[in-house]
Amino acid sequence: MTRKSTMMYVLWVFLPVVAVVTCVAGHVWRFRRDRFLSCLYGPHIDRAQWFGSLAFRTGVPLLFAVRVTEVSVSGPHSRTGGGLSVLLTLAQAVAIPLAAIGAGLILIPPLITAEARPRITPIDRMTLPVLVAALLSSVLVTFDPYSTDDRYRTAETLFTWTRSLVSLHPNVEVMQHAPVIYQARGLIVLLLIAIWPYTRLAGIFTVPLLRVVRHAFAAARCLPIPVLRKRHPA
């Protein structure tokens with residue numbers, strides 16, 4: 001194995017594993033440390049941050065749903081076509097501004113408020129630039145002028161690589177020969193996954209999910225348990 005191929009293996013196989021492990025371990029650590037309560041920005045959340053949370057919680061899941069649909073439906077070289085392609089494009093046009101505005105309203109005020117500075121960590125300071133880079137790279141690869149319906153470079157690179165990781169048969173070659181913007185996009189997403197549990201946004205999805213699970217568990221415990229009557233022989 002040459003030095004270059006070793007580096008490609010580190011970038012596109014080892015780093016994804018590290019990012020996922022770090023993300024899972026970080027969520028466990030955050031839950032055991034404070035149940036994500038330190039990520040809720042204090043007891044008094046202003047209207048701007050409330051709207052930012054709502055916008056972010058709407059935009060990011062919508063964008064995630066678009067990406068999962070594209071990865072699942074796109075061919076190895078072509079993009080989705082017909083009405084589905086139009087629907088996904090419109091969904092992205094709504095999701096990306098919502099996510100960007102929401103992140104800004106959540107992250108910027110604590111950074112510029114003097115009384116909040118002691119609670120700001122270096123990871124908090126890098127969260128917004130990483131999010132902006134992720135959203136910007138998403139736009140650039142989606143509307144790449146060199147991509148066509150028959151040669152969709154996102155499907156040839158990022159989507160193929162993602163599917164290969166999920167199937168546990170990593171395909172390093174597709175990212176090794178991918179254009180720089182696609183390689184940068186992959187690395188930015190990995191960085192975002194790795195740092196997510198350690199940012200101020202860690203509880204924005206986890207806390208509502210934990211509440212749903214808690215309510216579902218409580219409701220399940222209240223369900224009557226049917227009593228099976230023992231049949232006696234006639």
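We number each residue from 1, following the sequence as shown. Since the model is a prediction, treat every value here as computed from it, not as a measurement.
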Apply side-chain contact (heavy atoms from CB on, under 4.5 Å) to Met126 and Leu191, showing your working. CA-CA 11 Å; Met126 67 182 293; Leu191 176 60; 4.2 Å; yes
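- Between the CE atom of Met8 and the CD atom of Gln183 there is a distance of 6.0 Å, given to the nearest 0.5 Å.
- Remark: Glu70 CD to Leu88 CG distance equals 5.5 Å, nearest 0.5 Å.
- The side-chain heavy atoms of Gln92 and Ser138, taken from C-beta on, include a pair separated by under 4.5 Å.
- The ring-ring contact (aromatic ring centres under 6.0 Å, His included) test applied to Tyr182 returns no partner, not counting sequence neighbours.
- With sequence neighbours excluded, the residues that form a side-chain contact (heavy atoms from CB on, under 4.5 Å) with Val68 are Phe64, Ser72.
- Taking CD of Glu173 as the reference point, atom OG1 of Thr157 lies at 13.5 Å (rounded to 0.5 Å).
- Residues satisfying the side-chain contact (heavy atoms from CB on, under 4.5 Å) criterion with Val139, sequence neighbours excluded, are Ile96, Phe143.
- Between Val60 and Phe205, some side-chain heavy-atom pair lies under the 4.5 Å cut-off.
- Trp12 is listed as a side-chain neighbour of Leu187, based on a closest heavy-atom distance under 4.5 Å.
- Under the side-chain contact (heavy atoms from CB on, under 4.5 Å) criterion, Tyr146 pairs with Asp144, Arg153, sequence neighbours left out.
- Of the inter-residue distances, the one linking Ser164 atom OG with Met175 atom CE reads 9.5 Å to the nearest 0.5 angstrom.
- When hydrophobic clusters are built by joining Ile, Leu, Val, Met, Phe, Trp and Tyr residues whose side-chain heavy atoms come closer than 4.5 Å, directly or via intermediates, Leu54 is not grouped with Val94.
- Checking side-chain atoms of Arg185 against main-chain N and O of Ser137 turns up no donor-acceptor pair under 3.5 Å.
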After noting the C-alpha distance and the side-chain angles of Leu11 and Gln176, does the key distance pass the side-chain contact (heavy atoms from CB on, under 4.5 Å) rule? CA-CA 9 Å; Leu11 287 176; Gln176 180 178 354; over 6 Å; no
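- Only one option out of Leu201, Thr199, Asp124 pairs with Leu107 in a side chain to side chain contact (heavy atoms under 4.5 Å, CB included); it is Leu201.
- Listed by first then second residue, pairs satisfying side-chain hydrogen bond (donor to acceptor under 3.5 Å, both in side chains) with a partner in residues 16-25 number zero, not counting sequence neighbours.
- A cation-pi contact, defined as under 6.0 Å to the ring centre and within 45° of the axis, links Arg35 to Phe31.
- Other members of the cluster containing Val166 do not exist, because no ILVMFWY side chain is joined to it at under 4.5 Å.
- Distance CG/Leu136 to CD1/Ile181: 7.0 Å, rounded to 0.5 Å.
- With hydrogens and angles left out, the side-chain atoms of Thr142 and Arg67 include a donor and acceptor closer than 3.5 Å.
- Distance check, rounded to the nearest 0.5 Å: OG1 of Thr206 to CH2 of Trp196 gives 8.5 Å.
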